[in-house]
Undergrad: 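Got a structure for you, written out below as structure tokens; questions coming shortly.
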Protein chains: 2
Amino acid sequence: MSLARHRPWAGAYSTEALCARILERHRQVVRVQKTPVAVANLARIITATLRLSNKQGFHATSLRELAKASGLSMGGLYTYFANKPMLLSMILGEVMATASEVLRAPPEAVAMDAVAHLNWLIATHIRLSEAMQPWFVFAFMEAKSFPPAERQIALEGEVDTESIIAEVLKQGAASGVFVIGEVGLTAALIKPLLQDWYVKRAKYRKRGTTIETYIDAVTAFVGAALGAGTAAAGRASRPAFGQG
Amino acid sequence: MSLARHRPWAGAYSTEALCARILERHRQVVRVQKTPVAVANLARIITATLRLSNKQGFHATSLRELAKASGLSMGGLYTYFANKPMLLSMILGEVMATASEVLRAPPEAVAMDAVAHLNWLIATHIRLSEAMQPWFVFAFMEAKSFPPAERQIALEGEVDTESIIAEVLKQGAASGVFVIGEVGLTAALIKPLLQDWYVKRAKYRKRGTTIETYIDAVTAFVGAALGAGTAAAGRASRPAFGQG
DNA sequence: ACTTATCGAGCGAGCGCTCGCTCGGAAATT
DNA sequence: AATTTCCGAGCGAGCGCTCGCTCGATAAGT
């Protein structure tokens with residue numbers, strides 16, 4: 001399937017898989033012992049949290065609503081987290097960890113060539129944010145109304161992504177394939193182009209823009225802006241996903 | 001002063017001026033009769049609302065907090081709006097109206113040339129969002145957790161700006177100064193570059209990026225992406241502000 | 001000039017309600 | 001029988017919002 005070829009992580013980044021990782025990370029606070037039960041319920045809780053929060057905001061979502069939507073009771077919820085902010089923190093942490101992990105592991109073939117590497121970063125970031133769309137929207141929208149400690153994590157996530165981009169830009173500028181004024185600032189400008197796909201998803205859906213079209217558009221736009229010789233080289237990144 | 005030259009609206013878009021316009025628009029709901037008193041108090045209320053909401057979210061800001069911060073009482077607040085959502089709506093409406101008004105009134109000299117027009121749009125949008133920074137942040141962050149009717153207004157504002165950009169792109173593409181795949185999608189990609197300045201202001205402040213640097217960077221980035229012959233033409237837009 | 005009547009602006013305790021969170025016991029599993 | 005899981009009524013706190021009230025300024029009456 002072409003869909004599978006483009007999203008080799010369809011399984012690896014399913015809600016179930018992500019919740020299993022969250023459980024690992026918070027084993028001492030989740031009071032339910034049986035792992036399969038815990039993962040299943042966590043998945044129901046987090047699915048409901050993402051759905052309701054992305055509609056009306058995390059703060060405006062009450063635990064009673066959440067209990068009803070997830071099929072657990074008030075008390076049941078509290079066997080999975082100690083308090084409401086911690087639920088937020090669980091989701092946020094998982095998004096940050098996964099994003100950093102994925103973006104820091106480019107295929108070898110791609111890492112050698114700055115243009116290919118940048119195009120891979122663009123495509124990968126957008127596809128990952130598509131696979132984990134509700135998670136990314138949540139992290140983006142809710143991060144600011146968070147206690148300082150956790151907000152710091154979110155901020156670092158943003159800076160982290162940018163520094164990955166900046167690193168590639170630096171290499172490309174050094175080898176002469178990119179023409180860039182200031183590397184850091186240019187990386188900062190590329191980031192919102194990647195985020196727009198999930199932040200304003202409704203808009204693109206209404207426009208009828210597919211993810212492939214969007215990736216191609218961003219790749220071409222950024223490529224042209226950086227003076228990369230062949231913007232068409234963007235296409236080189238796609239087959240690389242097939243081997244995942 | 002160079003600052004005044006770059007922001008001829010420093011007075012026209014002050015909190016006081018904006019609140020005076022809000023008062024006009026909502027005369028029948030504000031029960032305070034004396035205009036100077038009403039404007040002054042509206043300004044205190046809205047300043048406090050923007051400050052608290054941008055820190056912790058509108059929903060998380062209670063009217064008791066707001067009363068304390070604005071120097072009015074609970075009852076006093078309710079002589080200026082009928083209910084809490086309406087306070088939100090007042091602010092949102094003012095941002096949308098002002099943005100549309102300003103962006104739809106380019107200087108004549110600029111409107112003739114697509115490149116100059118686009119660069120003027122970029123610079124103007126960024127400078128307006130700087131002058132009204134708390135307002136823009138508020139509109140961006142709070143719009144989604146709003147009743148359908150008002151959310152629609154926010155959405156239309158977004159679409160409105162994009163269609164202004166798209167119109168200029170279309171002209172430029174027709175006259176051959178821009179090389180653009182799909183006009184609508186390209187306009188959609190330019191928008192987040194304008195928004196990033198106020199959405200992630202903390203980041204740019206930390207980087208030490210000035211607004212002039214940012215405008216130049218976006219202008220150059222977009223210019224190059226569109227294949228506009230002289231990206232340096234961006235500078236032509238700035239003196240035009242002096243005449244305001 | 002002095003008194004009195006009127007009024008609009010502002011106050012804040014208190015209403016009904018929902019919030020996040022707890023805990024003793026029922027139900028299910030082993 | 002023992003242990004684990006899950007339930008949901010109930011707690012105090014805080015919410016948006018109301019309303020009877022005070023008070024200083026202005027207007028009217030003398």
Undergrad: Please enumerate all residues that pass side-chain contact (heavy atoms from CB on, under 4.5 Å) together with Glu156(A), with sequence neighbours excluded.
TA: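 side-chain contact (heavy atoms from CB on, under 4.5 Å) check on Glu156(A) returns Gln152(A).
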Undergrad: Which value, rounded to the nearest 0.5 Å, describes the distance between Leu42(B) atom CG and Leu18(B) atom CG?
TA: 11.5 Å
Undergrad: Show me the side-chain donor-acceptor pairs of residues 95-106 of chain B shorter than 3.5 Å, one per line, residues at least two apart or across chains.
TA:
unit_1, atom_1, unit_2, atom_2, d
Thr98(B), OG1, Glu94(B), O, 2.8
Thr98(B), OG1, Glu94(B), OE2, 3.2
Ser100(B), OG, Asp160(B), OD2, 3.1
Glu101(B), OE1, Arg21(B), NH1, 3.1
Arg104(B), NH2, Asp160(B), OD1, 2.3

Undergrad: Is there any ring-ring contact (aromatic ring centres under 6.0 Å, His included) pair reaching into residues 33-72 of chain B, and which pairs are they, with sequence neighbours excluded?
TA: His59(A)-His59(B), Phe58(B)-Phe138(B)
Undergrad: Quick check: are there more than 12 heavy atoms from other residues, nucleotides or ligands sitting under 6.0 Å from CZ of Arg205(B)?
TA: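 Incorrect, the count does not exceed 12.
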Undergrad: Considering residues at least two apart in sequence or located in another chain, which fulfil the side-chain contact (heavy atoms from CB on, under 4.5 Å) criterion with Ser89(A)?
TA: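 Ser89(A) satisfies side-chain contact (heavy atoms from CB on, under 4.5 Å) with Phe146(A), Glu150(A) once adjacent residues are dropped.
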Undergrad: So Tyr80(B), base contact, sugar-phosphate only, or nothing? Heavy-atom distance under 4.0 Å.
TA: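 It contacts sugar-phosphate atoms only.
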Undergrad: Between N or O atoms, less than 3.5 Å apart, protein on one side and nucleotides 23-25 of chain C on the other: list the pairs.
TA:
none

Undergrad: Sequence neighbours excluded, which residues qualify as side-chain contact (heavy atoms from CB on, under 4.5 Å) partners of Ala187(A)?
TA: Ile165(A), Ala166(A), Leu169(A)
Undergrad: Describe, in one word, how the ring planes of Tyr204(A) and Trp197(A) are oriented to each other, choosing from parallel (under 30°), tilted (30 to 60°) and perpendicular (over 60°).
TA: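 Taking Trp197(A) first and then Tyr204(A), their aromatic rings sit tilted (interplane angle of 30° to 60°).
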Undergrad: Kindly state each residue pair satisfying salt bridge (Lys or Arg N to Asp or Glu O under 4.0 Å) with at least one member in residues 47-61 of chain A, sequence neighbours excluded.
TA: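 Qualifying pairs: none.
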Undergrad: Is any NZ, NE, NH1 or NH2 atom of the basic residue among Lys191(A) and Asp196(B) found under 4.0 Å from an Asp or Glu carboxylate oxygen of the other?
TA: no
Undergrad: Residues in side-chain contact (heavy atoms from CB on, under 4.5 Å) with Glu24(B), at least two apart?
TA: none
Undergrad: Among residues 44-62 of chain B, which ones have heavy-atom contacts with DNA chain D below 4.0 Å?
TA: Thr61(B), Ser62(B)
Undergrad: Return the residues of residues 26-38 of chain B meeting this criterion: a heavy atom under 4.0 Å from some atom of DNA chain C. Order them by number, or give none.
TA: Arg31(B), Val32(B), Gln33(B), Lys34(B), Val37(B)
Undergrad: For residues 68-87 of chain A, which residue pairs pass the side chain to side chain donor-acceptor pair (under 3.5 Å) check, not counting sequence neighbours?
TA: Asn41(A)-Tyr80(A)
Undergrad: How would you give the extent of chain B contacts on DNA chain D, as first and last nucleotide 5' to 3' within a 4.0 Å heavy-atom cut-off?
TA: dC15(D) to dC19(D)
